[in-house]
Every structure is written in C-alpha cells, then in structure tokens.
Amino acid sequence: MSNKILLRKGLNIPLKGSATNQIARSISPDILAVKPTDFRGLNPKLLVKEGDPVKAGTPIMADKKSPEILICSPASGTVKEIVRGEKRKLLQILIQTDKQQEYEHSNAPELRKSGTPQEIKANLLSSGLWALIKQRPYGTIADPAKEPKAIFISGFDSAPLAADMDYAMRSEFDNMQVGADILSKLTKGGVHIGLHADTFAGSPMHRLERVKIHVFDGPHPAGNVGIQIHHISPINKGETVWTLDLYTLAAIGRLFNKGLFDLRRVMAVVGPRVKNPAYIETLPGISMKMIADMVDSVAEVRCGEDVGIRFISGNVLTGENVGAEGYTGIFHNTITLITEGSYREMFGWIKPVRGKKFSVSRSYFSWLMPGRKYSLDTNLNGGERAFVVTGAYEKVLPMDILPMYLFKAILAEDIDKMEQLGIYEIIEEDVALCEFVCPSKTDIQDIVTRGISIMIKEMS
Amino acid sequence: MKVLKKLVDNIKPTFSKGGKLSFLHSTFDAFETFLFVPDHVTKKGVHVRDSIDLKRTMTMVILALMPALLFGMYNTGYQHNLATGGDMAFWDMFFFGFLKVLPLIIVSYAVGLGIEFIAAQIRGHEVNEGYLVTGMLIPLIMPVDVPLWILSLSVIFAVIVGKEVFGGTGMNIWNPALLSRAFVFFAYPSQISGDKIWIEGLSKGEGIVDGFSGATPLANAAAGQDIPSFMDMFIGLIPGSIGETSALAILIGAALLLLTGIASWKIMISTFAGGLLTGLLLNLLAPEGSYMALPAVNHLVMGGFAFGAVFMATDPVTGSQTERGKWIYGFLIGVMAILIRVFNPGYPEGMMLAILLLNTFAPFIDHFVVQSNIKRRLRRAAVK
C-alpha cells in the first residue's frame with residue numbers, strides 16, 4: 001500500500017435515499033437497449049438489422065474509423081428495433097431477449113496464462129469488451145494502436161448515492177484478479193487501483209495482487225478516476241492512459257475465465273423517490289419499467305404544484321435523464337430517482353429559511369445541520385447569468401487546475417490555453433461539482449464537452 | 001399566493017413570444033422571477049443544483065450594507081444637529097437622516113434599474129441582479145448634500161459606461177459604484193468637495209454654529225490639523241460620506257459577508273494588511289509632525305478605507321479572480337490607498353483611486369498567477 005492521498009476539496013451532496021446492502025431482486029429483462037451515444041467518439045456502423053438473431057457477444061455495431069472496435073449485444077435474442085433520431089442519428093438498438101442466455105464462443109481462456117499482448121488485444125477487440133475501455137485524454141474508446149502509459153481503475157464511486165463498489169463487487173474477486181493480470185500485460189506502467197481510506201481494508205479490491213493500490217481520503221470527486229490519475233501520475237501532452245470501471249475489469253476476467261461475454265452486474269437503485277433503495281442484479285441497458293414497482297408512486301406536491309419524478313440512469317451529477325420508459329447506460333452503476341423541480345416558489349430567493357433546500361454557501365442554514373439529508377429536486381434554483389462569483393469552483397475541484405480559466409479558454413476556443421490549463425486531465429464528471437455549486441447556473445459539463453470535441457477535431 | 005400565480009399565468013402569454021407586449025419580455029421576466037423562483041429545471045449536466053443564485057448572493061450583500069446605511073442615516077441627523085446647535089432626540093436625528101438619505105437611494109435605484117431594464121430589453125436577456133448592490137453602494141459613498149441631478153448623472157455614467165458597454169453584469173472592468181463616485185469627484189469638483197458638503201445644510205450656511213467646520217478627518221489630516229480620536233472614528237459620528245464613517249457598522253456587515261462566504265476573506269484581510277503595513281512603514285520614516293506620522297491604525301478607520309476594503313475591493317467581477325491573485329490584489333489596494341492619501345495633496349482620499357487602479361491591474365495580476373500554474377504543470381511533465 002502506498003501513502004494515503006488526502007483531498008481536501010470537494011463535496012458530498014447530502015441526498016436522501018441511499019441503498020441498503022441487499023439485493024432487492026435479480027432482473028432478467030425482456031428488452032435491452034444498447035446505446036451508441038454512451039461511447040464518446042464512436043461513429044457507429046450497424047452490423048445487424050431488425051429481426052436478426054443475436055447471442056450475448058454478437059457484434060451489432062462497429063466504429064466506422066476503426067472497424068476492429070466492436071459493440072456487442074449483452075444478451076441473446078433478436079434485434080427488435082433500431083431507434084434513430086434527428087438526421088437518422090443512431091440512438092439505440094433494442095434487443096428482445098431469449099429466456100435462456102446463449103453466448104458467443106471465445107477462445108480467451110486459452111490465452112489466460114501465456115497469451116501475448118497482441119493476442120489479448122485481438123481477443124478483447126473481437127469480444128466487444130474493448131469498447132468499454134476508455135482512454136484519457138478525452139474519455140474516448142481506447143485506441144488499440146497506442147500503448148498506454150498505465151491503466152487506472154477507481155475502486156470506489158464517491159458520487160452522490162452511487163453504488164458501494166465493495167458491495168457490488170463482493171463476489172467478483174477471482175474475475176477481477178484475472179482481469180487485472182490480463183490488463184497488466186498491455187502496459188508497462190502497471191494497473192493502478194484507487195481505494196477510499198475509510199473502507200479500503202475491507203474492500204475486495206484491496207486483496208488484488210499484482211496491481212498498485214492507492215488510497216485516497218476526502219469527499220467526492222475523490223472517487224473519480226480522473227482526479228486519482230492527477231494525483232498518481234498526471235497526464236501530460238502526448239501521453240495516453242486507459243481507464244475502466246470495475247464492472248469491465250470483472251467482465252474481462254469472466255471472458256478469460258469462462259470465455260463468456262457476460263456483463264451482469266450489481267447496480268444500486270437509489271434516490272428520494274425510491275421506496276426501498278437497494279441493489280439489483282441485472283444487465284446494462286434495462287428499461288426503467290423493470291424497476292417500476294420500486295418507484296415511490298405517492299404523488300408529491302411542492303409549493304402547490306404537482307411534481308413528477310425524474311428517472312436518471314447514473315448519479316445526479318453525471319447521469320442521463322432517460323424518462324420513465326428509458327434504458328440505463330452501459331457505464332452506469334446507479335439508477336437515481338428524484339423529484340422534478342417544475343414548481344414556482346414565491347419569494348424563494350429572499351426567504352431567510354428554506355428548510356428543504358441545500359446549499360454549500362452559508363447564505364442558507366443547511367451548514368448548521370451537517371448530518372441532514374435532503375430530497376433535492378431538479379429545480380435550477382435561479383436564473384442563468386454571466387460568470388460573477390469567483391472562487392466557488394476551486395473549492396470543489398481537487399486538482400492543480402484553474403477551473404474558471406480553463407472554462408473561459410474553452411468558451412474562447414483557445415486551443416493553446418486549453419492545453420496549458422489542463423483539458424487533457426479532465427472529463428465532464430470531474431467538473432460536475434463545479435456545475436452544481438455555480439451560482440450563475442452555468443452548464444459547465446456542456447462547456448467541457450464542447451472543449452473536448454474541439455480538441456479531438458483539432459488534434460486529429 | 002395561488003391568486004398571484006394565476007394572474008402571472010394569465011398575463012404571461014401577452015409578454016411571451018408572439019404576444020402583444022413581447023418586447024417587454026425581459027421586464028415581465030424580471031418581475032416574475034422577483035415574485036417566484038422560476039420553475040426552470042435542469043436540462044443537461046447535473047440534475048440537482050445548489051440553492052444559491054445571484055439574487056441570493058446580492059441580497060446578502062445588501063443585508064450586509066444595512067448597518068452602514070442605518071448608521072449613516074443616524075449620523076446625518078447627528079451631524080446636522082451638531083452643526084446647527086439643535087437639541088434633537090435620537091429618533092429625531094435618525095428620522096431627519098432617513099428623509100435626507102431616502103431620496104438618494106430612490107433616485108439611484110430608479111435611474112440605475114431603469115437603464116438595466118432597457119439594456120436587458122435591447123439585448124433580450126434576463127435582467128441582472130448586479131445593480132441591486134451597486135444601487136445601494138452609490139448613495140452610501142456620496143456626501144449627503146450631493147444634488148440629485150448630479151447623483152443621477154453619475155449613476156447613468158456608471159451603469160452605461162462602466163457596465164453596459166462591456167456587456168452587463170459580470171463583464172465590467174471597474175466597479176460601477178466607484179466609477180460613479182469618481183465621475184462625481186472629477187466632473188463636479190466645485191459642487192462636491194471641500195468641507196461643506198458632508199453635513200446636511202452646511203453648504204447653505206443657515207443657522208450654523210459659529211466656527212463649526214464640517215471638514216472630514218481626512219481633510220484635517222491632510223491639512224495638518226487635529227483629527228478625532230481613533231475611537232470616535234471607529235464608532236463613526238464624524239463627517240464623511242453617508243455609509244463610510246462608521247468602521248463599526250461596516251465590520252458588522254463584513255462579519256455577515258465573511259460568515260456567508262459571499263465576499264473573499266483573502267481580499268479583505270490583505271487590503272487591511274496592506275494599509276496597516278504601509279502606514280507603519282511611513283510611521284518609521286516620518287519626519288516629526290508630518291502626515292506620515294499619523295498612527296497607522298487610524299488610516300484603517302478614516303475615510304472610505306474600511307468601506308472600500310469590505311464592499312468594493314471584494315467585488316468578484318472587477319477584482320482578482322485567482323485565489324493567489326486575491327492576496328496580491330488586496331494588499332496592493334491597501335498600499336496604494338495609503339500612499340495616495342499621504343503623498344498626493346490633491347486627493348484627500350486614496351481608497352477610491354486605489355481600488356479603481358487595482359481593478360485595472362487585476363487581470364494583469366491574474367495573468368501571472370495563471371502563467372505560474374501553466375509553468376508548474378509543464379515542469380511536472382519534464383520531471384517525469
């Protein structure tokens with residue numbers, strides 16, 4: 001174990017509805033969605049058409065630029081529908097699943113002991129797991145042509161109400177160990193895993209061998225892999241590192257243990273609008289309808305107006321609003337249900353006490369009740385303005401980066417400045433808290449998305 | 001409440017796109033959002049937002065200005081009473097001051113917000129809250145006898161030239177309130193300086209006690225005359241601009257700003273530190289009996305120093321935006337304010353010019369902080 005890295009900056013948003021450590025149920029979905037929009041930089045080319053039979057692990061999409069990168073079906077069945085949006089943009093592929101799961105055969109287990117890096121790479125690519133490995137800078141699908149400086153995995157998720165990864169991965173040790181061994185053949189810099197100081201000793205990831213364990217202490221975003229990389233071995237111009245989540249690590253292990261493309265995972269269903277927040281065992285891409293009976297269906301009234309529920313795949317900071325019938329994303333470990341904020345509060349901004357509102361700023365009294373949890377809703381809590389207040393972002397970004405200047409460089413599309421000020425080191429999730437605290441209600445993550453697309457365009 | 005909501009809903013279409021009065025959209029929106037926190041929800045990015053917004057932020061600053069304002073009203077009556085040799089009771093004096101100060105506040109808000117609304121209308125933006133604070137600051141840094149037409153002109157100048165030409169709240173280079181003060185100071189020197197304007201009625205000269213001088217401590221100090229004691233100046237029952245005489249009232253406001261975290265403690269502390277250290281240094285070098293020998297702590301409670309340090313220097317838009325830069329920025333304001341005071345015979349007060357000067361140089365200070373960050377990050381690459 002290396003030294004503890006203490007991060008003082010950040011914020012744990014006190015949101016109500018954390019999951020108790022139990023599996024509420026195991027879900028075998030009848031319809032699954034695969035969403036190409038989950039993968040940044042993917043230019044999808046369809047490999048199947050409606051009605052085609054697929055197995056778990058059958059390629060259904062490829063990247064147009066690097067056709068060896070494949071996106072595979074997580075379950076066996078038939079392609080039910082191909083959903084397109086404006087300009088025929090591919091949004092999702094719906095798969096009607098079989099009762100009995102059938103898998104594509106892989107020869108991966110033969111490579112477990114003695115596979116060369118080339119063989120392993122080829123196997124990961126053809127299995128479809130490659131697409132789940134991201135690279136930094138930018139958080140795109142890893143480029144198979146580059147060798148990464150090192151591979152980083154965050155062993156905990158510090159986002160509000162996110163799944164407790166120690167619990168979610170408690171029976172995955174063997175798979176994770178094989179996954180780590182396989183990955184360490186692909187880089188000279190080793191496989192690095194970040195754990196939290198409060199829980200690392202009991203974590204299944206702590207027992208992993210042949211990996212480098214780093215211990216972090218502090219509030220969110222300490223669990224973001226980008227923050228961890230910044231403190232372990234920051235990314236400089238020209239360098240590439242890979243990141244993946246624990247689900248993918250275990251899935252790689254399963255592939256090389258059993259030869260199966262198996263993305264089963266334990267996810268948390270959380271939030272103030274969940275009846276009994278707990279975990280579910282499922283595949284990625286399930287419909288929100290599958291958890292309909294976990295939803296707190298009692299209609300809520302705020303300030304005299306009926307307010308609905310927002311279904312978020314992911315956490316409240318970085319998740320996607322998919323609606324009551326939408327599908328979960330492949331990189332999410334949490335489903336969060338919160339109250340919509342479409343109500344008007346009279347003189348809300350000037351009321352001295354607003355007991356249900358949370359603020360990091362001390363202009364409200366929530367700082368006097370540190371243990372309290374809140375049922376936060378989606379109200380913007382104000383109007384959008386120009387940047388006025390300074391020093392707020394810095395308090396929630398534990399990096400040696402000047403966030404305000406980086407964001408302004410992006411807005412000015414100044415490539416040199418973006419590069420100098422740290423665009424290589426961040427993706428949206430790392431600055432999500434800046435967006436949360438911003439009194440001017442700026443869409444910071446959107447700015448970073450724009451910055452990253454500008455960089456990708458300029459640098460290619 | 002429901003009635004009001006219905007009313008708003010009923011007239012909303014008239015002001016929305018396509019409605020008869022759609023050109024007044026920004027104005028309607030301003031009033032609607034004044035009444036209700038709007039029902040806007042998060043669309044992309046984070047799904048929940050902190051409860052603070054600019055309205056709340058600005059409200060806190062205005063709250064913090066209240067002690068200085070109330071004290072200023074009382075002091076206006078008190079000084080008038082002193083000058084005329086009257087025997088007014090406490091509430092008489094307060095009420096007298098209230099009636100004198102209120103028109104200044106009304107004119108400041110009416111003129112300033114009028115321009116803000118028009119500007120928002122032209123741009124099609126929402127009306128910004130920035131002027132809520134500026135509009136309160138401006139009367140507080142004026143002498144009580146300032147003619148209303150001069151006040152109006154200074155507000156117009158400050159809002160249009162100081163803010164709107166740059167793009168509105170958040171885009172300006174100089175603190176608009178100070179710009180209005182500087183405008184008055186330089187455009188109307190004969191009407192607005194000297195010893196007479198600080199006390200209501202003194203310039204008209206009616207019924208003034210013989211030998212009463214309305215001179216501010218700063219003017220006295222510059223002229224080498226006696227000044228009130230430190231404690232008197234700290235409490236603030238002395239002639240001066242309406243809101244700036246009482247360091248005590250200002251410190252109560254400062255406490256609120258610091259407690260809520262609205263203003264930067266770095267800027268406040270470093271400004272006071274800069275002023276104090278410069279004062280001490282001058283004390284060391286001072287020839288006997290010169291202005292330089294004025295005890296350094298006195299500088300901090302005289303004139304607009306405390307008010308400027310707490311409410312003006314900490315303006316996040318015009319101040320330094322990097323955390324390190326804030327230390328330098330505040331410190332230099334303190335230094336410059338004292339230097340201008342002591343060594344420039346033309347201007348008894350240096351705070352206004354010091355802050356405007358450092359407003360100008362704040363981006364320059366930030367530039368060096370940003371460059372040092374860039375260099376440090378580049379070095380990191382070289383070490384590896």
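Bear in mind that the values here come from a model prediction, so they are computed numbers and not experimental data. To find a chain, count down the sequence lines: A is the first, B the second, and so on, and within it residues start at 1.
- To the nearest 0.5 Å, the span separating CZ on B/R56 from OG on A/S359 amounts to 8.0 Å.
- Looking at every heavy atom in both residues, B/I374 comes nearest to A/K417 through CD1-CE, 4.1 Å.
- Applying a 4.5 Å heavy-atom cutoff, the residues of residues 44-53 of chain B that approach chain A are B/K44, B/G45, B/V46, B/H47, B/V48, B/R49, B/D50, B/S51, B/I52, B/D53.
- Residue pairs meeting the side chain to side chain donor-acceptor pair (under 3.5 Å) criterion with at least one partner in residues 431-442 of chain A, sequence neighbours excluded, are absent.
- Heavy atoms closer than 4.5 Å to chain B are found in the side chain of A/I338, but not in its backbone.
- When side chains are defined from C-beta on, A/F387 does not count as touching B/M171, because their heavy atoms never get closer than 4.5 Å.
- Judged purely by atom type and a 3.5 angstrom limit, B/R377 uses its side chain to pair as donor or acceptor with the backbone of A/D400.
- A/R362 contributes atom CZ, which lies 14.0 Å from atom CG of B/L257 (distance to the nearest 0.5 angstrom).
- Counting heavy-atom pairs closer than 4.5 Å to chain B, the top residue among A/E394, A/R385, A/E320, A/E428 is A/R385.
- Of the atoms belonging to A/L317, heavy atoms from both backbone and side chain fall under 4.5 Å from chain B.
- Around CZ of B/R324, the count of heavy atoms belonging to other residues, nucleotides or ligands within 6.0 Å does not exceed 12.
- Around atom CZ of B/F117, more than 12 heavy atoms belonging to other residues, nucleotides or ligands sit under 6.0 Å away.
- For a residue to count as touching a neighbouring chain, one of its non-hydrogen atoms must lie under 4.5 Å from one of that chain's; by this rule A/I235 touches chain B with the backbone only.
- For the residue pair A/Y405 and B/D366, a side-chain donor N or O sits within less than 3.5 Å of a side-chain acceptor on the partner.
- B/F36 approaches A/M346 most closely through the heavy-atom pair CD2-CA, 3.5 Å.
- Ranked by heavy-atom pairs under 4.5 Å with chain B, the list A/I13, A/L421, A/V389, A/V437 is led by A/L421.
- Annotation: side chain of B/V41 is in contact with side chain of A/E340 (closest heavy-atom distance under 4.5 Å).
- Minimum interatomic distance between A/V388 and B/M58 (heavy atoms only, all atoms of both residues): CG1-CE, 4.4 Å.
- Among residues at least two apart or in separate chains, salt bridge (charged side-chain N to carboxylate O under 4.0 Å, His left out) pairs with a member in residues 163-175 of chain B are B/E116-B/K163, B/R123-B/E164.
- In terms of heavy-atom pairs under 4.5 angstrom with chain A, the leader among B/V370, B/L63, B/T57, B/T59 is B/V370.
- Side-chain contact between B/K375 and A/Q420 is absent, with no heavy-atom pair separated by less than 4.5 Å.
- In terms of heavy-atom pairs under 4.5 Å with chain B, the best-connected choice from A/S342, A/A386, A/G238, A/A392 is A/S342.
- Ranked by heavy-atom pairs under 4.5 Å with chain B, the list A/T318, A/L433, A/D377 is led by A/D377.
- Within the 4.5 Å cutoff, the side chain of A/R344 has heavy atoms near those of the B/E32 side chain.
- A salt bridge links A/E425 with B/R380; the closest basic N to acidic carboxylate O contact falls under 4.0 Å.
- With a 4.5 angstrom heavy-atom cutoff, B/K266 does not touch chain A via any of its atoms.
- Both the backbone and the side chain of B/T169 have a heavy atom closer than 4.5 Å to some heavy atom of chain A.
- At a 4.5 Å heavy-atom cutoff, the contact between B/T42 and chain A is made by backbone and side-chain atoms alike.
- Listed by sequence position, B/P316, B/V317, B/S320, B/Q321, B/T322, B/E323 are the residues of residues 310-323 of chain B in contact with chain A, using a 4.5 angstrom heavy-atom cutoff.
- Taken from CG in A/N321 to NZ in B/K43, the straight-line distance is 11.0 Å, to the nearest 0.5 Å.
- A/K408 touches chain B through its side chain: at least one heavy atom from C-beta onward sits under 4.5 Å away, while N, CA, C and O do not.
- When each of B/L256, B/L259, B/T260 is checked for heavy-atom pairs under 4.5 Å with chain A, B/T260 comes out on top.
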